[in-house]
Amino acid sequence: MEKDELVQLSKNLMMEALYARSYMDILDQYKANRTAYKQEISLSPAFYSISEMALIEAMSIRLARLYDADDKSAGLGYLMEQAEAHKDYFPKDRGEHSFESDGEVYGFVIPLQHTLRECEKCYFKERVAKEEALLSLLSDTNGNHLQNVTIEVTVEELLDMYHKRFASIQTVCKNLREQRNKIYAHNDRNVNFNLETLYRVSPLSYQDINVLLEFAEDYTAFCYEYLSGNYAVLEFKNIDDWENTLVYAQKGIAFQRLEWKEKYGEDFDPFPEP
């Protein structure tokens, strides 16, 4: 595989992760908006209920495509395989730099650095311990570090770390594929629409979904940024714009109440709760 093909593969999978995360973000908004805008949502209950169901299915399908283990699938497993096979495409450092002092020119190479997630610290215990000892000097009054742990790494170490992270979530990946195969892609005869039993045998919690999303985002962004030199796109900036519509619906309801009072001289709710 040529380098530009690997860049394109990582970008395409990054976009898959972006949309899966976007579905999750909107689903998260349902929790808050159902409480804050209960009456506004009740204006179109069928629309919001069906949209929520569609988002759950769409997110599950997107994630399942990313974590598909089929030999013919271009998913995360395939990207990892190609990245390992072409590790020479990745930069070994952040470039050589120089500065002049007293008429002398000094050159130095800036090593690669990586800011660790909590789940990644176990793979670099000694370096993390040393860095956290330094960061403790910059802690707030409660002992919380003011900065995340960032360490020097090599490309080989990063590839190995992501491989270990991927291996650690294989049970969750298996459960995702089971739900995809038996619910979202097919009406499995053995399941026979008994979804509670399948959820019990192959569970996927809210935290599991976030773990899958985080790994997909982290790994595709790592490959794309290191290979292309461009910044990764991991969220839509206007992903929370649904509330704008609900605010206008809220204002419309308030106006209708006022208009009714002015017209008929009495209080009346034109949009009663069901």
- Query: Should Leu112 and Phe90 be marked as a side chain to side chain contact (heavy atoms under 4.5 Å, CB included) after you check the CA-CA gap, both sets of side-chain angles, and the distance that decides it?
  - Reply: CA-CA 11 Å; Leu112 298 177; Phe90 291 81; over 6 Å; no
- Message: Ring centroids only, cut at 6.0 angstrom: are Trp242 and Tyr30 within range, meaning strictly under it?
- Response: yes
- Heavy-atom pair of closest approach, residues Leu204 and Leu212: CD2-CD1, 4.4 Å
- Message: Hydrophobic clusters here meaning ILVMFWY residues chained together by side-chain heavy-atom distances under 4.5 Å, can you tell me if Ile50 and Ile61 are in one?
- Response: no
- Message: Under the criterion ring-ring contact (aromatic ring centres under 6.0 Å, His included), I'd like the reasoning laid out for His86 against Tyr89: C-alpha separation, chi angles, the key distance, then a yes or no.
- Response: CA-CA 6 Å; His86 299 92; Tyr89 291 162; 5.1 Å; yes
- Task: Under the side chain to side chain contact (heavy atoms under 4.5 Å, CB included) rule, what do Leu158 and Tyr219 come out as? Steps first, then yes or no, please.
- Result: CA-CA 10 Å; Leu158 286 174; Tyr219 190 68; over 6 Å; no
- Message: Is any side-chain heavy atom of Leu159 closer than 4.5 Å to one of Phe222?
- Response: yes
- Message: How long is the straight-line distance from CD1 of Ile26 back to CG of Leu55, given to the nearest 0.5 Å?
- Response: 5.5 Å
- In terms of side-chain heavy atoms, does Asp28 have a donor or acceptor partner in Tyr23 at a distance below 3.5 Å? no
- Query: Does NZ or CZ of Lys11 come closer than 6.0 Å to the centre of the six-membered ring of Tyr231, within 45° of the ring's axis?
  - Reply: no
- Item | Donor-acceptor pair, side chain of Ser73 and main chain of Ala69, under 3.5 angstrom | no
- In terms of heavy-atom contacts, Leu9 and Ala74 come closest through CD1-CB, 4.2 Å
- Step by step, work out the side chain to side chain contact (heavy atoms under 4.5 Å, CB included) result for Met161 and Phe166. CA-CA 9 Å; Met161 179 200 70; Phe166 190 61; over 6 Å; no
- Message: What I'd like to find out is whether the side chain of Tyr67 reaches to under 4.5 Å of the side chain of Ile169, using heavy atoms alone.
- Response: yes
- Query: Any chance the rings of Phe236 and Tyr19 have centres within less than 6.0 Å?
  - Reply: yes
- side-chain hydrogen bond (donor to acceptor under 3.5 Å, both in side chains) between Tyr37 and Glu243: does it pass, once the steps are laid out? CA-CA 9 Å; Tyr37 300 97; Glu243 188 175 12; 2.6 Å; yes
- Taking atom types as modelled and ignoring hydrogens, do the side chains of Asn210 and Arg21 form a donor-acceptor contact shorter than 3.5 angstrom? yes
- Message: With a 4.5 Å cut-off on side-chain heavy-atom distances among I, L, V, M, F, W and Y, is there a chain of contacts connecting Leu258 to Ile253?
- Response: no
- Message: Can you tell me if Lys31 has over 12 outside heavy atoms packed within less than 6.0 Å of its NZ?
- Response: yes
- Task: Verify whether one side chain among Thr220 and Ser10 offers a donor that lies under 3.5 Å from an acceptor in the other.
- Result: no
- State whether the side chain of Ser51 and the backbone N or O of Tyr48 hold a donor-acceptor pair below 3.5 Å, judged by distance alone. no
- Leu213 and Ala20: which non-hydrogen atoms are nearest, and at how many Å? CD2-CB, 3.6 Å
- Answer whether the closest heavy-atom distance between the side chains of Glu217 and Met14 falls below 4.5 Å. no
- Task: Check whether any side-chain heavy atom of Asp208 lies under 4.5 Å from a side-chain heavy atom of Asn175, and answer yes or no.
- Result: no
- Task: For the pair Glu52 and Arg34, find out whether any cationic side-chain nitrogen is under 4.0 Å from an anionic carboxylate oxygen.
- Result: yes
- Item | Steps toward side chain to side chain contact (heavy atoms under 4.5 Å, CB included) verdict (Leu198, Ile183) | CA-CA 9 Å; Leu198 180 61; Ile183 302 175; 3.3 Å; yes
- Query: Which atom pair, heavy atoms only, marks the closest approach of Glu131 to Val149?
  - Reply: CG-CG1, 3.7 Å
- Message: Do Ile41 and Tyr248 sit in one hydrophobic cluster, given that two such residues count as connected whenever their side-chain heavy atoms are within less than 4.5 Å of each other, even indirectly?
- Response: no
- Query: Is there a chain of hydrophobic side chains (I, L, V, M, F, W, Y, each step under 4.5 Å between heavy atoms) that links Met53 to Leu176?
  - Reply: no
- Item | Gap between atom CZ of Arg94 and atom OH of Tyr226 - 0.5 Å precision | 8.5 Å
- Distance-minimising heavy-atom pair for Phe215 and Tyr162: CE1-O, 3.4 Å
- Message: In the structure I gave you, are the side-chain heavy atoms of Leu6 and Cys223 within less than 4.5 Å of one another anywhere?
- Response: no
- So, the side chain of Asn181 versus the backbone of Arg177: is there a donor-acceptor pair under 3.5 Å, distance only? yes
- Side chains of Leu43 and Gln39: does their closest heavy-atom pair fall under 4.5 Å? no
- Taking atom types as modelled, find out whether Tyr123 and Glu157 have a side-chain donor-acceptor pair closer than 3.5 angstrom. no
- Should Met24 and Ile209 count as side-chain neighbours, where that means a heavy-atom distance under 4.5 Å? yes
- So how far is it from Ser42 OG to Lys38 NZ, rounded to the nearest 0.5 Å? 8.5 Å
- Item | N-O pairing of Lys182 and Glu178 below 4.0 Å | yes
- Message: Taking Arg127 first and then Glu152, would you say they form a salt bridge - that is, a charged N and a carboxylate O separated by under 4.0 Å?
- Response: no
- Closest non-hydrogen atom pair between Cys119 and Cys122, with its separation: O-SG, 3.6 Å
- Item | Val247 vs Glu40 side-chain heavy atoms within contact, under 4.5 Å | no
- Just wondering, are more than 12 heavy atoms of other shown residues or ligands nearer than 6.0 Å to NZ in Lys92? yes
- Message: For Asn230, is the CG atom crowded, meaning more than 12 foreign heavy atoms sit under 6.0 Å from it?
- Response: yes
- Query: Are a donor atom and an acceptor atom from the side chains of Ser22 and Asp25 found within less than 3.5 Å of each other?
  - Reply: no
- Message: Hydrophobic clustering (ILVMFWY, side-chain heavy atoms < 4.5 Å, transitive) - are Val201 and Val172 grouped together?
- Response: no
- Residues Asp218, Arg117: salt bridge by 4.0 Å N-O rule: yes
